[in-house]
Amino acid sequence: MENLQEEIIFDIFSRLPVESVLKCRQVCKTWNALLHHSYFAHMHLGRCLLQVDDHYSSNAVAASETISKVGFLSLMGPRKKNIAQLYYLEYDGNDELSYKTFRKINHPHIRRPDWDAIVGSCNGLVCLSVDHPRYQFRDPVNIWNPITREYTNIPEFNKADYSGLMTCGFGYAPSTNEYKVVRIYYRLGLHSAGQVQVYTLGSDSGWRNKGEIKYFLADHGPGILENGALHWVEYNNWNIVAFDLGKEEFYLLPSLPCFPPLGDYSFSFRVLGGCLCVVHHGGYDSINIWSLKKKCGEWEKLFSISYQSSKTDDYQPFTLTKSGELLLWNNFRSFYRYNSNTGTLEKLVDLDTDLRFYQAMPHKNSFVSLKALGEKCFRRRRGCNENPFS
């Protein structure tokens, strides 16, 4: 291979999964240098994203075969201890051991096991938040890549004389080729007006004020990224509110015809099958999922799941596999698989009795470098070629 041009070598290695590239870095100094190049990171990510797009295209059946696994992050912790740990898991329908292997990740410190500590995962970068129980909000403070082990600290919110609520989000704007963090905070008693701030990675401009927003979005977790925009449900008037990360403007999406009267807070967002979806829990025995079709901009029911349940069950869908199987976690300790053809829910694995799930989120490993983006970053102190998963 020493006689091949660099462009050809990059093209060959960009077709390998991340784990194989990590092993190739250890072959020789030449390969190690090439596979740390920012151009290779860009090419590898672009090929991964192209495979995903082809996978969800109805005209690319053959291309879908190139995607054999679905990866995701899970935040777990002991039930009675004030600590949290992130794990990377993979699901492969042809390998029963894949979803029974929980790989710990060497990550920045998470102060306490709480919901929504993972603000978002985008192109291999993960945004983490910390909990401020005294002030009743979570603050996005870290961006991190588990593969490169780089992380950067974002300035925390100024909590002086503050009492209120906050929501946030993280994502990528294709139109401007930028990664951005958004936070919206509301002072108690002023829920009709929120203050919007945006942090752009590598801009060296810190948090920028974007003015007020009239919608109250702090009721239910971080914004969900899809197609370059973050999305929330505004429960006061049942609006679906989106924030375009490129234009940095809010806009409304078409509302679901089934939105209920005030008082029902059982709606949440997910991205399933490459589309924005709304999940509605109907009592304790059903889940309905609607998908927003990109071509026509209309909502279409994707799944309607009924099951025998008790009040302790809490099924939360988090990803859709290449074969159309829906993955869910239930009651903070079990993974399930839903087969739409048979209409059955199947338990895949139970956690250890001392652990519980707090969050599960799709994740694609990549070599995107925070340093190359222009961020002042740090690196976890482990061997330069060591696999980040323990």
Side-chain angles (χ1 to χ4, degrees), residues 17-19 52 55-56 64-79 84-105 113 115-118 121 126 146 221 224 268-275 277 279-282 284-289 291 302-365 389-390:
V18 167
E19 291 78 4
V52 172
H55 166 50
Y56 291 122
S64 69
E65 297 302 321
T66 63
I67 300 179
S68 61
K69 299 176 183 179
V70 176
F72 54 96
L73 299 175
S74 183
L75 179 67
M76 292 182 267
R79 295 172 181 265
Q85 173 68 48
L86 276 170
Y87 294 80
Y88 177 72
L89 297 88
E90 288 181 339
Y91 173 86
D92 186 342
N94 298 318
D95 182 4
E96 291 187 1
L97 295 178
S98 65
Y99 47 82
K100 296 180 180 179
T101 303
F102 294 71
R103 293 189 282 179
K104 287 185 179 181
I105 301 176
W115 289 264
D116 305 326
I118 311 174
S121 171
V126 183
I224 299 300
S268 61
F269 278 127
R270 296 288 187 274
V271 175
L272 304 172
C275 296
C277 293
V279 180
H280 179 228
H281 294 264
Y284 296 104
D285 58 2
S286 66
I287 301 174
N288 293 305
I289 301 176
S291 173
L302 187 64
F303 293 106
S304 184
I305 306 172
S306 299
Y307 50 87
Q308 293 182 347
S309 176
S310 66
K311 292 185 178 181
T312 60
D313 284 331
D314 182 21
Y315 289 96
Q316 298 290 338
F318 60 90
T319 194
L320 191 66
T321 72
K322 69 173 185 177
S323 59
E325 297 171 323
L326 185 67
L327 301 184
L328 313 90
W329 57 279
N330 176 46
N331 198 22
F332 306 111
R333 65 179 310 269
S334 304
F335 275 122
Y336 279 75
R337 171 175 55 196
Y338 175 73
N339 187 315
S340 59
N341 294 325
T342 62
T344 56
L345 272 171
E346 176 189 359
K347 182 187 291 187
L348 297 178
V349 64
D350 273 331
L351 282 182
D352 183 273
T353 56
D354 186 50
L355 291 175
R356 67 184 304 179
F357 288 117
Y358 291 99
Q359 210 173 353
M361 180 173 293
H363 176 76
K364 168 65 71 174
N365 287 322
F389 307 115
S390 57

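For reference, positions follow the sequence shown, starting with 1.
Within the 4.5 Å cutoff, side-chain heavy atoms of Glu19 are placed close to those of Asn365. Under the 4.5 Å side-chain criterion, counting only non-hydrogen atoms from C-beta, Tyr338 is not in contact with Thr344. Counting only heavy atoms from C-beta outward, the side chains of Val126 and Pro146 approach each other to under 4.5 Å. Within the 4.5 Å cutoff, the side chain of Pro362 has no heavy atoms near those of the Val271 side chain. Side-chain contact between Val279 and His281: present, with at least one pair of heavy atoms (C-beta onward) separated by less than 4.5 Å.
Panel note: side chain Asp314, backbone Asn330; no donor-acceptor pair is recorded below 3.5 Å. Gln85 places no side-chain N or O within donor-acceptor distance of the main-chain N or O of Lys104, the cut-off being under 3.5 Å.
Note that CD of Glu346 and OH of Tyr336 are 10.0 Å apart. Values are rounded to the nearest 0.5 Å. For the atom pair Ile289 CD1 and His280 NE2, the distance stands at 12.0 Å (nearest 0.5 Å). In this structure, the separation between OG on Ser74 and CD1 on Ile105 is 9.5 Å, given to the nearest 0.5 Å.
The nearest pair of heavy atoms linking Leu272 to Leu320 is CD2-N, 4.0 Å. The heavy-atom pair separating Ser121 from His363 by the smallest distance is OG-ND1, 2.7 Å. When all heavy atoms are compared, the tightest approach of Gln359 to Ile118 is NE2-O, 2.7 Å. Contact between Ile224 and Arg270 at its shortest, heavy atoms only, is CG2-C, 4.3 Å.
Taking the six-membered ring for Trp, Phe318 and Tyr91 have ring centres at least 6.0 Å apart.
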Item to check | Verdict with supporting geometry, Leu326 and Tyr315, side-chain contact (heavy atoms from CB on, under 4.5 Å) | outcome: CA-CA 11 Å; Leu326 185 67; Tyr315 289 96; over 6 Å; no

Item to check | Working for side-chain contact (heavy atoms from CB on, under 4.5 Å), residues Leu328 and Gln316 | outcome: CA-CA 5 Å; Leu328 313 90; Gln316 298 290 338; 5.9 Å; no

